[in-house]
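Nothing here was measured: the structure is a model prediction, and the numbers come from that model. Letters go in sequence order (proteins before strands), and every chain restarts at 1.
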Protein chains: 2
Amino acid sequence: MAPTLLIVEDDPALAELLVWSFEAEGYKVLQTPDGEEALLIAAETPPDAIILDWMIEQLSGIEVCRRLRRHPELASVPIIMLTARGEEEDRIRGLETGADDYVTKPFSPRELIARLAAVMRRTRPALAGQTMRFEDLELDPVAHRVRRDGKEIALGPTEFRLLQHFMERPGRVLSRGQLVTGVWGHDSDIEERTVDVQVKRLRAAINSTGGRDMIRTVRSAGYSLG
Amino acid sequence: MAPTLLIVEDDPALAELLVWSFEAEGYKVLQTPDGEEALLIAAETPPDAIILDWMIEQLSGIEVCRRLRRHPELASVPIIMLTARGEEEDRIRGLETGADDYVTKPFSPRELIARLAAVMRRTRPALAGQTMRFEDLELDPVAHRVRRDGKEIALGPTEFRLLQHFMERPGRVLSRGQLVTGVWGHDSDIEERTVDVQVKRLRAAINSTGGRDMIRTVRSAGYSLG
DNA sequence: AACTCAATGACAGTTCTGTGACACCGCCTC
DNA sequence: GAGGCGGTGTCACAGAACTGTCATTGAGTT
């Protein structure tokens, strides 16, 4: 379950350095110098985070960023921009466009790694091994444990992934289609109604200890947590 | 729910480039080189935005723009004009006529896409997932929630879409026909009177917590929010 | 008053969701 | 290898929620 990283950098020397550094950190690294290709790769195998150089060929970083954000599956993937010193204007636009952080060149790999860790902790607690909380629900991704109001709850693997998916996006309505690709994978040919059944099972498990139903049904749209 | 775009451009090469670029962005694209036809297409299936070349055959851009603005259904569709460098005079007239932005040739598709995104964010917040507000009413398209004066309000799917439609166009009077195509879809054969019934249901839901009626009936014209 | 248009209540039909049942699969134990 | 077991995906059905239409009542205009 090593987190996957996509590095978009067209300076070969820097790219190599970054790949090497992050692999040493235990990340699985994908890499391309090209904005267009980055989008393709990201769509194919959504990474857990993206390191994006501002100035790249084909498509500017800002453009890649914007397109990623538009793609529903990729909208919440954290992005760190690499900018040259002084591109103040760009930095602002970058953050507006949806970058989560930026790092000014020149930088040390250590710094970038630290920033990435911070961003991941903030946006994808599950990958950082942080336990996630929502009201009296806790999910510990490392120990694979779920507690409601302190009491341990047993979940099957699918139920667990489903709940994790919800807890990473609290309050957000997820369509059955999104849940299928998010929980079962992009290439699964699962009936959409199966989602209903797993939701029912998840509900039964979560609410067994009493307390209100944590999963909201949004008719003709999907489900959401909370 | 991809936003629809109408591109009016008579240079085939440029038109193709634009169609390609915007489709890659996830827009649904309609295209014509001809001003007259543009008006027909726009009247038939109102797009979410229009890219309009200044110098086109049949009808000048400015004329198309003016006619669009006269057409009640299309008056608020954002328009971006494409002008040749130095047509300062035209640019001013363009903005006066009701264009929302203009881009000077030559330009990169990137720039145009960015401008469009900015315009859309301004005019269609729901597409960007932003919470919309009108007085003490809030609609959160991502969480699929509606609140009045902080209190949550339950709406059925159609009521929700109807309210969203109103909130994207606050204060504007919408005819039953506009509401039918906007809320039910271009190709629905719904009785126009059905709008009345859904408006009644929406009113009942929204005003249930007390407070004044947020939906105004405009006799022999339609309804509006506020 | 006559006329037009909108609000409402009732209702039948449709769509969507919750649920229980069941078959299947991989895994483990015996 | 048989049998037990937890976990899954599908299906069919029932119930709930939602919707479109219509007839009637009511409000606004001329």
Q.
Is it the case that over 12 heavy atoms from other parts of the model lie below 6.0 angstrom from the CD atom of B:Glu44?
A.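 Result for CD/B:Glu44: open.
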Q. Choosing from D:dG9, D:dC18, D:dT21, which nucleotide comes nearest the side chain of B:Pro157?
A. D:dC18
Q: Just compare D:dC11, D:dT21, D:dT8 and give me whichever is closest to any side-chain atom of B:Glu191.
A: D:dT21
Once you apply a heavy-atom cut-off of 4.0 Å, does [X] come out as touching a base, just sugar-phosphate, or nothing?
| X | value |
| --- | --- |
| A:Asp189 | sugar-phosphate |
| A:Arg193 | base |
| A:Tyr223 | sugar-phosphate |
| A:Thr194 | base |

Expressed in angstrom and rounded to an integer, what is the separation of [X] atom [atom1] from [N] atom [atom2]?
| X | N | atom1 | atom2 | answer |
| --- | --- | --- | --- | --- |
| B:Phe160 | D:dA17 | CZ | C1' | 17 Å |
| A:Glu159 | D:dT8 | CD | C1' | 10 Å |
| A:Lys200 | D:dG7 | NZ | P | 14 Å |
| A:Asp196 | D:dA16 | CG | P | 17 Å |
| B:Leu202 | D:dC18 | CG | C1' | 14 Å |
| A:His144 | D:dG7 | NE2 | P | 13 Å |
| B:Gln198 | D:dG20 | CD | C1' | 8 Å |

Q | B:Arg176 with B:Asp196: basic N within carboxylate O range, under 4.0 Å | A | yes
Q. For D:dG9, does either OP1 or OP2 sit under 4.0 Å from a side-chain N or O belonging to A:Trp184?
A.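 The answer is yes; a side-chain N or O of A:Trp184 sits under 4.0 Å from OP1 or OP2.
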Q) Is there a side-chain polar atom (N or O) of B:Thr158 under 4.0 Å from OP1 or OP2 of D:dC18? A) no
Got a donor-acceptor contact below 3.5 angstrom from the [X] side chain to the [Y] backbone?
| X | Y | value |
| --- | --- | --- |
| A:Asp48 | A:Thr4 | yes |
| A:Arg216 | A:Ser224 | no |
| B:Asp140 | B:Val142 | yes |

Q | Positional range of nucleotides in DNA chain C within the contact set of chain B, heavy-atom, under 4.0 Å | A | C:dT4 to C:dA10
Q) Would you call the rings of A:His144 and A:Phe160 parallel, tilted or perpendicular if under 30° counts as parallel and over 60° as perpendicular? A) parallel
(Q) Both B:Val197 and B:Arg219 contact DNA chain D. Which one's nearest nucleotide lies toward the 5' end? (A) B:Val197
(Q) Under the rule for side-chain hydrogen bond (donor to acceptor under 3.5 Å, both in side chains), what residues qualify as partners of A:Asp213, not counting sequence neighbours? (A) A:Arg203, A:Asn207
